[in-house]
Each structure stands twice: as structure tokens, then as C-alpha cells.
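This report refers to the structure that appears directly beneath it.
Proteins get letters first, then strands, A, B, ... in listed order; numbering begins at 1 in each.
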Amino acid sequence: MAEITKSYESRDVEKKWYAAWQAAHAFAGKVAADKEPYTIVIPPPNVTGVLTMGHVLNNTLQDILIRRARLEGRAALWIPGTDHAGIATQNVVERQLRQKEKKTRRDLGREKFLEKVWEWRHEKGGIILEQLRRLGASCDWERTQFTMDPHYSRAVLTAFVDLFRKGNIYRGKRMVNWCPATQTALSDEEVNMKPVNGAMYRVRYALVDAPGQFIEVKTTRPETIPGDVAIAVHPNDPRFAGLLGKKVRRALGPAAEIPIIADTAVDMEFGTGALKITPAHDKADFEVGQRHRLPAIDVLDPDGTLNALAGPELAGMDRFAGRKKAAELLKERGALVAEEPYTNNVGYSERADVPIEPRLTWQWWLRYPRIEEAKAAVRDGHIKFYPERWSKVYLHWLENIQDWCISRQLWWGHRIPVWYRNGLDKEKLTEADLRDPAKVHVSLEGPADPANWTQEDDVLDTWASSWLWPFATMGWPDAAAQKSAGFDYFYPTTTLVTGPDIIFFWVARMIMAGLEFMEKPETGNRKLGAGNGSDNPAGRDADRSGRRSPVAGLLPPEEIQRRIPFKNVYFTGIIRDAQGRKMSKSLGNSPDPLDLIDKYGADGLRFGIVSIAPQGQDIRFNEERIEGGKNFCNKLWNACRFRQMSGEAADNSSQAAILARLEPKKFDADDHAILDRLLATTREVNRCFGEFEFSAAVQALYTFFWSDFCDWYVEVSKSKLQSADTKANCLAIQDLVLRQTLLLLHPFIPFITEELWHLLGYGPEGRFIEDARLENASQIATHSTARGLTLDRVAVAAVEKLKAFVTQARALKAEHNLASRRDVRFFVTTTDADWDILAPNLAKLTRMAGAAEILRREKVDGAPAAVTPLGTIYLDLANTVDVAAEKARLTKELEQLTKHIAATEARLGNKAFTDKAPPAVIEGARKQLAEQQTKRTELERLVKTLG
RNA sequence: GGACCCUUAGCUCAGUUGGUUAGAGCGUUUCCUUGACAUGGAAAAGGUCACUGGUUCGAGUCCAGUAGGGUCCACCA
């Protein structure tokens, strides 16, 4: 067996084991009838993405769950893959095209451009999947998915056709969020509101019939004045009662007389109480316009440039330049009454980070399916959220859900499988036309006579493909593919690990998709993709609320349970920098995880990131904690090194073999205590996994391993290993502890644990650590009992006292500047009972305290002393004691103790306490008081001896 | 405007149904290269648990309110 080196070098170890795991197909998810499945689908990173700290956290947690599942003997499957990320990817390729060839995508044309995108995808896409391997992610790479793969596209289009047939999808001309930079519509979820410092302009409009009279409005967007079609006031506003129905002259742009109208949408309190109505450029104005049958005058081109309708002075200007110019023009004409700084909320395009424009366009909309069941799935606990509070956010969104704009004016994506009969005027298409197969064809295959049809240009929102991820990655809707993927076995997936920022984008939609599409094959998967079904023209009077009355035919609970895409959702925190800001590319405040892996090892990074990621809270990134992860790995390495240097093991190849080497008759208190702590830690980690408390699990393992095992047990071992009588048993205990600790730690730090597992020979030759089974505490206890070992819980308390004894002894030395001396003597005055605890441990205690000897005495005078749970310990200093300092030190301790005693006595003297508190608590208080009093008596005596 | 979260040691944070003298890591001070580890060991200093009330025998923990910080949702020009 190879010798363990002095320090842990991660690089080669990581490379070696990852290659070995892959060569052995160790991560393959295989159907096994005798095992429980454990399934995770990765939140697919953008194919353009590179590994960020967010990915590190997210994927480390998934890997922890998957590896733990394997150790527990479950059939684990983790499906990896990437998202085609419509806008992001198209942007990347367009930018490259612009830089390298000085061309736009339109210069190339749709087909050529898409070729370029695929080229890019094959050359540079999916780097992140390679990076995940560096992190140690144990995905089943042979199942890697991409949302633009042919089979995945088929799933996406099948879902579209099916929903269209059911009447959930319709086409409508609506106000949408338009991104002038990418020139596509966006869903509400892709718009972020930001406060923007701008100006509020007070503008006056001249009354047509009353020269010299005006009505004033306030606006932040004077450049849209050419699109004004009315001025609205509240019908109950007395200030304007006389003006209703009168006309004013548009203040800017093509001359026009526009009416003053009354509408309750106007807030009398705000601004001047009068509102300019520009239906083409504001959602609220659009609705007012609809109510009053006013035209919408669109003065902006799709790219945000003012067009001819804005008038010659503004036409051709960018919207922001136009705003300034408009203000100047108004000023020149005396129409600008005032201009003041103003901060308002403006919607920004999430992708392009530019203000969006409300814009009236034809788009495809989805009325979400299974909304009620989606609520029930979470409300009734079929799907559990961790932390639970996110379910409120989820339910609130579903309560107020709006139809989803699923079409995008992009080229990279799933092209909507709709064909229009040639010659049809798309601008005038009615709902009835849409459902008429003679006019509009909807299918996967396309029309039989393609020459007579023209396909829809738009593609689907990327999320309209990723919402199928949990089952489209397992073959759906192809029955044969589902069978070979083990769909029936692995679906529903067990746990989804994701960020709360995509709860609406992704989590909620996946739930609805699962509920809608995962019907039993025999009852459903019927005519999926069969084309226009006009049996249910429900989309006819689609309104923005999109609410379907809760109809009969809601799924029963068993069916919900069967269809849901996952049983647990764990929401990670968002990783922030030291100042608490979100990590972002533009701020440059995100460390490169690969650098961190180089510096601290993948295991160090994993351990560190998990340890700072408590459940449900955002994470303040702290590189020192990553360094702490590395240090922990080194500690683990060296403890195993110590074990290896301490002696050959008879047989380490299984837990049973190690248990067989235990010699229960030779157990001392430390042996009992460390095994007790091992079982407690095993139990605690188990509990943590049940509650998804990863950082608590790491904390428990850290404390157990570092404090209980290394700082105490390994140190007492050094004495035990000196004696041939106790050596073999001590080594067996170390092996038992280390073996179990490696198993418990493996999900968190897979590389180093695999390496040490082999170096110490804890498994059969040629097998991985994950081929072993992690036993829980009661299984270990049962096996131990079978070997004649019964753990002595009293020993645990004794060891706590011994630890306190040693600490006091060391403190005495340190206070007298003798910490480095190993030749000091200690005296102890104590009871026979306590001496019985001390005596068998004297060799270890002497070594631990760094003393030459510890002797029992009846009485000691004039030496520095400390009161321990096992008697009073004295440092033999002969005549060199500083009596005053000694007295001050003891008096201070006595004072503190007296306060505590008073508090305890007060509690016990309170009849309400003794009447109402549980007996165990009262008993604990009494015991505590007795101990405190004993200690006080002793301290008082010591102070007195000092005069 | 609505909802949710946070405020505990110098810093970053744990603290799981209310119950001994509130913990960890980092940092700080002093000491230690003893045969696993200086990526380490020992000892120590450091907290009126944001504030104010309430419930309770007992509150960091439960309730109400206040202040400060954050996130999400919401069409006030």
C-alpha cells in the first residue's frame, strides 16, 4: 500500500479519480428493481455559460445528494445538459459575426445564420459541462441533453401542438414588453423594474376653442407626445368638469386636435390630475384607448428609433435623444411649463439591460394549464419546498398568473410549428381563422403541400422548452425512448436544486407541464401533435387575466402525485460578494471557480462553499472559508497518515472485518466515548440530509472529526499505542471511525475520500468507495452488539470531565508561563470516586497535560490551583508563587461562580418553576447547583489558604 | 402600495419543537517546529443576542410594534 505523503496535493488525485470513475461508467443511472431510485435533473446551464460560483454551489449540492444516495444503496441518476438559451446564444453569435465579418444576422439570412449558431455550439458551446467535471459532478454524462437536440425539439413542438389543440394557445395583438436591443417580445418575467433618474416634464396643451387657455399634464416621456390621442381626467374631478369633451392641440409632432376625455384610471392626486393618453406606448394608456375607441399611433420603430409619425423634427432620432429634443422643442414653443428631476421605475430587458418599450404586436400566448393542480401540488405537500417559505411566493404568483407570451422574434430556437396558407393576411387573422385547418396548419410534420404554406417566423421562448426538462430528458413523448431511459422507474424525479430567482421562470412552469403532460400512456398520449383540433376554441375571448374558471375534471391527489416532476425542491441562496452585492460579470466581483479549484482543490472548494451556505439564506462569499475547506482536507489527510504510520491493519477491507478486530474487554472511557460520538454524528448527518441542512451536516462532521477525533482521540491514542496490550484495539477503533467518517464525508469531498479509502484499504481491491454501503447508526450499533460490544454512555461523561481536567492543567501552566515545559508536576486532591476515574487514565493525562507526573495528595498548600470536575489540581511550583496574582485570579472565578449560583438558587426557589417545569429540567438545575456549590466551597478554601 | 427575509463576538455566520454559564470559523493576544498535520497544537481576550412592550416559572428562540438593511411582487403618468 502506498505511503501517505506529508501534505495533500489535490490536482493529480482529482484527475486520476475522475478518469477512473468515467472509465468505469460509475455514474450511469441504471434501473434496478431491488433499489429505490433517486433522480435529479440538472438545471441546464446556458450553452453559452461558464462556471460561476452559483453553479458551484448548486451543482455541489446536487452531487452531494446523488453521491449520498449511491452510498445508501439507491439507484442514482443525475441527468446533465444545457439550455439553448435563445437570446443569449443568438447575441453571442451575432456579436461575433459583427466583429469578425462586419455583418448582421440579416445579411446572412435565417438559414445561414442558424448554421453559424450550430457551428458555434459545436466548437465552443457546453464548456460548462467540462468544468462541472472538474468540480467532481457525478452526472450520467452518456445521457447529456441539449434543448435543441432533435428529440428534445420534438418534445417541445409536441407540447405546443397539444396545447394549441386544447385551446390553451392563441395568437393575439397585445401590448407586450418589447426589447429594442434584441428586437423581440419578452415575457413579464424577463422584465426587471429599476429606478431611473430622469425628469418630469410639465407640458401644456392649448385648448382649441379658448385661445390663451391650457390644460397641463405631467409626463416623463415627451418624445411620445406625437402619439397622443387624448387627454384624460377623472370624471369626478371638479377642476376639469367644464373641459370634458373639449379639444386641445397636440403639443408636439403632426398637428392634431385631440379630445379631453373622462376615465377612472386617472389618479386625481397625481401630477396635474390630467393624463396624456398615448395608447401605443403605455399599457395603461392602451386600455384607456380601447375603452374610448381611440387609435394607437406608434411613433417608434422596433429598434427604438422615432419614425415619421413623430414628425420631421424627431423622426430618425433614438428614443433617448428624441426625449431631449422633444423637451427643447416644447420649450421653444412655450409649451414646457416646468422640468424637474424625477425618479421613476422603468422596466428593463433582463437580457439586454435596456429599457423595454410597451409595444402593440401580434404574439403567441399560452393560457397556463393545470394552474389549480399546480397550487394543490405544493399546498398539499406533494411537492415540498425547502425552505418552505418559498411556497408562499409560488402560490402568490399562481394566484395572479397572467397568460404567457411564448413567441420570440428570434431565429435561434424552436420555430413555432404553424403554417399560414399563402395569401392570408396575418394582420387580420381571427380566432376562427386560427382554428380553421384550411387557413392555418398546426402540426409537427408541417403541411403535406408545403409550397402553399408559409411557416411562422417566430420561435418559442426558451423557457417554453425548458419547462419540459424533467421528462423530455427521459424520452418523452416517444414511448420507446422513455422505456430505454427508464422513465417509469426514474420519474418523478426526487429533488430539484435551483435558485429562487427562477421559481416563476422554471419551477412553477415545470410543475404545470408535468401535471399537464404526464398522463398515463393508455389514457393519454393519444393524439399528441395531431394538428388543429377545433373542438375547443377556448382561446376565442382570451383576456389578459387568462383565468379559467376552476372547471370540473381537476386531477385527483393520486394523479397529481404521479404526474409532478419532482418531490422536493431545494432553493439555494444567492451568492454575494463581500459587500453583499450579487455576483455579476459586469461588476467583475465573481471569482473564477477554476482558479479556486487550482488553489484549494475541488474538495476544498466544495467543503468551503457548503459550509457557508446555510439553508435559505443568501451567501456572503468568503474566500477564507474556502481555504478552510482546503485545510480540512489536509487535516483529514494527515489523520489518515497518522493511522497508516501507527501500524499495519490486520484486515481493513470491510466494516465487518474491522468490527471483528475490536476487543470490547480492553475498551476504556475514550474508546466508548469516541464511538458514541461517531454514532451521534452519523445520526446527525442523517437528520441533516432529511432536512436538506447541508451546512449543518458539514459542521457536525467538522466538529466531530477535528475536535473529538483529532484533538482528543488521536492524542490519547499516542499513549495507548505505546502499549502492546491496547494497540490493536486502538487501531481497530481508529479504522472504524475513519472508515465511517470517509463514507460520511464522501458526498461532500469525493476525491480525497476516494483516495484515502484506497490508501487505507477500506474496501475490496478494485472497487470504489461508492460501491460500499453507508450504514446508519442503529445498524452499526447492532453489528457492534453482535460483537459483544455495548457502548457505555457513562464513559462519555467521564471523558468530558477528563477533558476539563486537562484543559485546567494546561491553563495553569500557561498562566505561569510554563506552557512549553514538559517537566512540571501536578498534584491532585480529590475523592476516591473521582480518583477512580483519573487513575486508569493517568498515562494519557500526563502526556496530554504536558507533565512529568500527576500525583494524588491529601493536602497541598501554597501552590497555584484550579478546581476541576475531578478534584482540585495544583501546579507544583515550590516557592515561586505570586500570591496576590493567584488570589486575584481565584477570587474573580469565585465571584462569577457566585453569580451563577445565585441565579440557579433563585430559579429553584421559585415555586412556579418547581411546580411547572418538567422534572428533567428541575433535576438538571439541582445537579448543576450541587456541582457549583462544591466548586465554590473548594474555591473559598483555596482563597483562604492564600491568606 | 403588498409580501417575505435579515439584524447574535472585531469580521462572516450557526443556534432544529422556549430549559445548564449563547457557539463556530476567521481575525486578535501569549506560548509551542513534541515522532499525523505550522494547511498545525495549547491557552486566552471578546457578546446587555437591533430597540420597546407582551406571553411564560423561564425568551436569542413565541407574539405585537419601532428602527435599519435586503429580496420579490405591483401599469401611478
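- Counting only N and O atoms by type, the side chains of A/Tyr205 and A/Asp228 include a donor and acceptor under 3.5 Å apart.
- Look at A/Arg221 and A/Glu223 and you find a salt bridge, because one of the NZ, NE, NH1 or NH2 atoms lies within 4.0 Å of a carboxylate O, short of that distance.
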At under 4.0 Å between heavy atoms, how does the protein contact nucleotides 39-49 of chain B? Give one character per nucleotide, 5' to 3', with B, S or -.
BSSSSS-----
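- The CH2 atom of A/Trp178 sits 20 Å away from the C1' atom of B/C75 (whole-angstrom rounding).
- Nearest to the side chain of A/Arg625, among B/C37, B/A77, B/G25, sits B/G25.
- Base-pairing analysis of RNA chain B finds the following stems of at least three consecutive Watson-Crick or G-U pairs, with both pairing distances under 3.5 Å: B:1-7 with B:67-73, B:10-13 with B:23-26, B:28-32 with B:40-44, B:50-54 with B:62-66.
- Classification of the A/Tyr8-A/Trp637 ring pair by plane angle, with boundaries at 30° and 60°, yields tilted.
- In this structure, A/Tyr713 atom OH and B/C37 atom P are separated by 20 Å, rounded to whole Å.
- Within 4.0 Å (heavy atoms only), A/Tyr342 reaches sugar-phosphate atoms of the nucleic acid but no base atom.
- A salt bridge is defined here as a Lys NZ or Arg NE, NH1 or NH2 lying under 4.0 Å from an Asp or Glu carboxylate O, and A/Arg202 with A/Glu340 fails to meet this definition.
- Along RNA chain B, the nucleotide nearest A/Ala917 and the nucleotide nearest A/Phe270 are compared for position; the residue whose nucleotide lies closer to the 5' end is A/Ala917.
- With both ends at atom P, the span from B/G23 to B/A45 equals 13 Å, rounded to whole Å.
- In this structure, the side chain of A/Asn638 does not engage the main chain of A/Arg641 through any donor-acceptor pair within 3.5 Å.
- Rounded to whole Å, the P atom of B/C75 lies 40 Å from the corresponding atom of B/C11.
- Residue whose closest nucleotide on RNA chain B sits further toward the 5' end, between A/Glu684 and A/Thr272: A/Glu684.
- Residue A/Val217 is classed as having no contact, given no heavy-atom separation below 4.0 Å to the nucleic acid.
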List the steps, then state whether side chain to side chain contact (heavy atoms under 4.5 Å, CB included) holds for A/Asn622 with A/Arg625.
CA-CA 6 Å; A/Asn622 184 347; A/Arg625 294 295 288 265; 3.8 Å; yes
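- You'll find that the side chain of A/Arg907 is closest to B/G19, out of B/C75, B/G19, B/G25.
- Here A/Arg221 lies out of heavy-atom contact (under 4.0 Å) with every strand.
- On the P atoms, B/G68 is 35 Å away from B/U28, given to the nearest whole Å.
- Here A/Pro918 lies in heavy-atom contact (under 4.0 Å) with a base.
- In this structure, the CZ atom of A/Arg389 is 15 Å from the P atom of B/C73, given to the nearest Å.
- Nucleic acid contact for A/Asn910: sugar-phosphate only, since backbone atoms but no base atoms lie under 4.0 Å from a heavy atom of the residue.
- Between the C1' atoms of B/U8 and B/A24, the separation comes to 13 Å (whole Å).
- At the heavy-atom level, A/Cys710 lies under 4.0 Å from base atoms of the strands shown.
- Across the C1' atoms, B/U17 and B/C13 are found 23 Å apart, a figure rounded to whole Å.
- A perpendicular orientation is assigned to the rings of A/Phe692 and A/Phe694, their planes being inclined by more than 60° (bins at 30° and 60°).
- As judged by a 4.0 angstrom heavy-atom cut-off over every strand, A/Arg643 is placed among residues making no nucleic acid contact.
- Taking atom P on both B/A9 and B/A3, the two are 30 Å apart, rounded to the nearest angstrom.
- When heavy atoms are screened at a 4.0 angstrom cut-off, A/Glu624 is found touching the sugar-phosphate backbone but no base atom.
- Distance, A/Arg576 CZ to B/C11 P: 19 Å, rounded to whole Å.
- Each of B/A77, B/C72, B/A38 was ranked by its minimum atom distance to the side chain of A/Val393; first place goes to B/C72.
- In this structure, A/Arg11 pairs ionically with A/Asp598, as a charged nitrogen and a carboxylate oxygen lie closer than 4.0 Å.
- In summary, A/Glu895 and A/Arg936 do not engage in a salt bridge, as defined by a charged side-chain N under 4.0 Å from a carboxylate O.
- Annotation: cation-pi geometry satisfied between A/Lys718 and A/Phe642 (NZ/CZ under 6.0 angstrom from ring centroid, within 45° of ring axis).
- Residue A/Lys718 is classed as a base contact, given a heavy-atom separation below 4.0 Å to a base.
- Within the 4.0 angstrom heavy-atom criterion, only backbone atoms of the sugar-phosphate kind lie near A/His396; the bases stay farther away.
- Not one side-chain nitrogen or oxygen of A/Tyr394 sits closer than 4.0 Å to the OP1 or OP2 atom of B/C72.
- Aromatic ring orientation, A/Phe385 versus A/Phe571: perpendicular (interplanar angle above 60°, classes split at 30° and 60°).
- Here the P atom of nucleotide B/A77 and the CG atom of A/Asp285 are 11 Å apart, to the nearest Å.
- Atom name C1', nucleotides B/A77 and B/C4: the rounded distance is 29 Å, in whole Å.
- Under 3.5 Å, the side chains of A/His234 and A/Asp263 contain no donor-acceptor pair of N or O atoms.
- Taking atom CE of A/Met645 as the reference point, atom P of B/G35 lies 10 Å away to the nearest angstrom.
- The phosphate of B/U21 (OP1 or OP2) has no side-chain N or O of A/Gln932 nearer than 4.0 angstrom.
- For A/Lys392 and B/U71, the shortest distance from a side-chain N or O to OP1 or OP2 is not below 4.0 Å.
- Checking the phosphate oxygens (OP1, OP2) of B/C13, a side-chain nitrogen or oxygen of A/Arg620 falls inside 4.0 Å.
- Closest to the side chain of A/Arg641, out of B/U34, B/A77, B/A36, is B/A36.
- Taking atom CG of A/Asn192 as the reference point, atom C1' of B/A74 lies 14 Å away to the nearest angstrom.
- Counting any heavy atom pair closer than 4.0 Å across all strands shown, A/Phe621 reaches no nucleic acid atom.
- When the C1' atom is used for both B/G58 and B/U21, the distance is 16 Å, rounded to whole Å.
- Between the CD atom of A/Glu269 and the P atom of B/G1 there is a distance of 14 Å, rounded to whole Å.
- Under the 4.0 Å criterion applied to side-chain N and carboxylate O atoms, A/Glu800 and A/Lys803 are assigned as salt-bridge partners.
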